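Below: one structure, written as structure tokens.
Just so you know, ligand 1 is whichever comes first in the structure, and atom 1 is the first atom listed for that ligand. What you see is a predicted model; the values in this text were computed from it and never measured. For this chain, numbers begin at 1 and follow the sequence in order.
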Amino acid sequence: MRKILIAGNWKMYKTQAECKQFLQAFLPELEEVDEKRGVILCPTFTSLGAMSASLHGGRVRLGAQNIHWEDTGAYTGEVSGPMLTEANVSYAIVGHSERRQYFGETDKTVNWRLRAAQKHDITPILCVGESKEQRDAGDTEKVITQQIEQDLIGIDQKNLVIAYEPIWAIGTGDTCEAVEANRTIGLIRSLLDNSNVSIQYGGSVRPNNIDEIMAQPEIDGALVGGASLDPAGFARIVNFKTPANLSQ
Ligand code: PGA
């Protein structure tokens, strides 16, 4: 069964104190949210411990923003699977375009990181997406296909989430048309062995466009950056309305 998953990617924002403030305002807003909707928060590594303590026993799952492929070693600045599982991390974002663009992440290292996550029973959220230049050149399908094929070599598709994040839509306010995102996510699904993998859309998801995005049949959730930093805004996103409950 495809699961609905709404994840907040906090990038390099929020101190531990700010995380705590966020939860105070956000958690009460979850009371009405359908139990079937998965809610994930991905703070920076330094806040994982405190967040884990605050979220203990609740419905919000904790996600990390990356994971290294080795369990231990001389890898300055990296964090490994055992360190994340100790902090009760259930998900890890892997291959985000900001990692690929600014930190030299390649399909090969993305593949290694996906394997490491699965080895430690952490569900990786694999991010794929095309740049504006690639899109303008008509290469979207080619780029996505290549990323999916290379990143998923040897990966168990039963413990996997994918986020389609067109790079030109991230942090720009320039959302991909919902119908267009739906089409590309359908393409991604057609490349998978397991059609039940949850596939999120990411890129300028906001309280005012989430309902339309989630109304698309191929889209199983959202990976939300900027709009997940505000508790009221993210609460509205998690409480998205489907055509069935729009009138409620
Ligand atoms: P955005 O970021 O919602 O701020 O566009 C999405 C992401 O980078 O995951």
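- Of the options Glu141, Glu218, Glu177, a salt bridge (Lys or Arg N to Asp or Glu O under 4.0 Å) to Arg183 is made by Glu141 and by none of the others.
- The atoms of ligand 1 that sit less than 4.0 Å from any heavy atom of Ala169 are 5 (O).
- Nearest to atom 7 (C) of ligand 1 among the protein's heavy atoms is Glu165 OE2, 3.2 Å.
- Closest of all the heavy-atom pairs between Gln157 and Asp193 is OE1-N, 2.7 Å.
- Residue Gly203 approaches ligand 1 through these ligand atoms, each under 4.0 Å from one of its heavy atoms: 5 (O).
- Checking Arg206, His96, Gln200 against atom 8 (O) of ligand 1, the nearest heavy atom belongs to His96.
- By the criterion of a heavy-atom distance under 4.0 Å, neither the backbone nor the side chain of Ala227 is placed next to ligand 1.
- Hydrophobic clustering of Ile, Leu, Val, Met, Phe, Trp and Tyr side chains at less than 4.5 Å, counting indirect connections, keeps Val89 apart from Trp112.
- Summary of contacts: the protein heavy atom closest to atom 4 (O) of ligand 1 is Gly226 N, 2.8 Å.
- Every residue meeting the side chain to side chain contact (heavy atoms under 4.5 Å, CB included) condition with Lys142, not counting sequence neighbours, appears here in chain and number order: Asp139.
- Those atoms of ligand 1 that come under 4.0 Å of a heavy atom in Asn9, given as number and element, are 9 (O).
- Ring geometry for Phe22 versus Phe234: interplanar angle of 30 to 60°, hence tilted.
- For atom 3 (O) of ligand 1, the closest heavy atom belonging to the protein is Gly225 N, 2.8 Å.
- The pair Asp211-Arg236 counts as a salt bridge, with a side-chain nitrogen and a carboxylate oxygen less than 4.0 angstrom apart.
- In this structure, Gly171 is part of the shell of residues with a heavy atom less than 4.0 angstrom from ligand 1.
- Listed by number with element, the atoms of ligand 1 under 4.0 angstrom from any heavy atom of Lys11 are 2 (O), 7 (C), 8 (O).
- One finds a salt bridge joining Arg113 and Glu78 here, because a Lys/Arg side-chain nitrogen approaches an Asp/Glu carboxylate oxygen to under 4.0 Å.
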